[in-house]
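What follows is a single structure, written as structure tokens, with notes after it.
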Amino acid sequence: MDQDVSKPRVVVGVDGSPSSFEAVRWAVRYAGFVGGAVEAVAAWEVPLYGWSAPAVDMYIDEEATREQMRQELTEVLGAEEAAKVSTRMAHGNPAEVLLRAAEGAEVLVVGNRGRGGFARVMLGSVSQRVAAHAACPVVIVRTEET
């Protein structure tokens, strides 16, 4: 989806978690206030441990994943609002992908916890890293259940 470069960019990290869905809602509301454009960014990385190969299939069907992301955005925002959100998917460390995507952005929005890690960790490693290293303001959105 083409973006109007004259509009403020609101970058939001999405990973399918309830926290990222709240972040998307927040980003869309904020973009409405500032006349901005929302870019939803998803990243994936298969961790490698030790000397052996990963015990998972490293093939990602990007088209199927992109369609799933589109469906989730439609469920969270409704069809009309979801159509206004551009999407980007990238292979790499999620924090690094988000930091690069947010260069020149008005704001970077993330949920406080994603799919990974321990359920009781209140601030996830991705949100903690982007908050410390982003070149733009960072908003960390909490879900009501956390």
Side-chain angles (χ1 to χ4, degrees), residues 1-48 54 56-146:
M1 184 177 267
D2 293 332
Q3 290 221 342
D4 181 351
V5 293
S6 65
K7 289 184 173 186
R9 281 188 324 119
V10 178
V11 176
V12 58
V14 294
D15 67 1
S17 68
S19 183
S20 77
F21 293 155
E22 286 299 319
V24 168
R25 289 183 190 102
W26 194 97
V28 168
R29 283 191 307 272
Y30 180 80
F33 292 136
V34 299
V38 178
E39 179 181 348
V41 178
W44 73 93
E45 180 178 51
V46 178
L48 298 175
V56 296
D57 183 7
M58 290 182 57
Y59 173 75
I60 301 291
D61 183 343
E62 286 192 46
E63 191 56 41
T65 304
R66 190 177 315 281
E67 179 57 31
Q68 180 180 354
M69 183 178 179
R70 220 358 99 201
Q71 288 175 356
E72 288 177 350
L73 288 173
T74 300
E75 290 172 15
V76 170
L77 300 171
E80 187 176 327
E81 286 298 317
K84 298 176 189 175
V85 175
S86 68
T87 59
R88 184 188 332 177
M89 296 176 43
H91 179 261
N93 176 281
E96 292 300 320
V97 168
L98 289 171
L99 288 169
R100 279 193 307 275
E103 290 175 0
E106 169 90 3
V107 65
L108 171 59
V109 185
V110 293
N112 68 312
R113 289 188 303 159
R115 288 190 176 267
F118 298 99
R120 293 198 176 156
V121 175
M122 296 310 286
L123 186 62
S125 61
V126 172
S127 56
Q128 194 170 32
R129 181 132 186 239
V130 299
H133 298 286
C136 65
V138 175
V139 173
I140 301 172
V141 180
R142 293 177 52 102
T143 58
E144 297 224 0
E145 61 210 33
T146 56

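Source: prediction; values computed, not measured. Sequential numbering from 1 along the given sequence is applied to the chain's residues.
The shortest non-hydrogen separation linking V97 to H91 is CG2-O, 4.3 Å. Of all the heavy atoms in G35 and P8, the pair that sits closest is O-CD, 3.5 Å. Residue A23 comes nearest to G111 through the heavy atom pair CB-N, 3.7 Å, listed as atom of the first residue, atom of the second, then distance. Here the shortest heavy-atom pairing between A31 and V10 reads CB-CG2, 4.0 Å. Considering every non-hydrogen atom in both G13 and S20, the closest pair reads O-CB, 3.7 Å. The minimum heavy-atom distance linking V11 with A102 is given by the pair CG2-CA, 4.1 Å.
Partner L98 forms a side-chain contact (heavy atoms from CB on, under 4.5 Å) with one of V12, V109, V110 and no other, that one being V110.
Under the rule for a side-chain hydrogen bond (donor to acceptor under 3.5 Å, both in side chains), the partners of R88 that lie at least two apart in sequence or sit in another chain are E39.
E75 and Q71 are not linked by any side-chain donor-acceptor pair at a separation below 3.5 angstrom, with hydrogens and angles left out of the test.
From E22, atom CD reaches atom CH2 of W26 across 12.5 Å, with rounding to the nearest 0.5 Å. Distance CE/M69 to CG/D15: 10.0 Å, rounded to 0.5 Å. Interatomic distance, CZ of R129 versus CG of L99, reported as 6.5 Å (0.5 Å rounding). Atom-to-atom distance recorded for K84:NZ and L73:CG is 14.0 Å, nearest 0.5 angstrom. Put simply, CD on E63 and CD on Q68 are 12.5 Å apart, with the number rounded to the nearest 0.5 Å.
For the pair R9 (side chain) and A101 (backbone), a donor-acceptor distance under 3.5 Å is present. Checking side-chain atoms of S19 against main-chain N and O of N112 turns up a donor-acceptor pair under 3.5 Å.
Electrostatic pairing of E67 and R70 does not count as a salt bridge here, judged by no charged N lying under 4.0 Å from a carboxylate O. K7 has no carboxylate O lying under 4.0 Å from a charged side-chain N of E106, or vice versa, which leaves the two without a salt bridge.
The shortest distance between side-chain heavy atoms of V76 and R25 falls below 4.5 Å.
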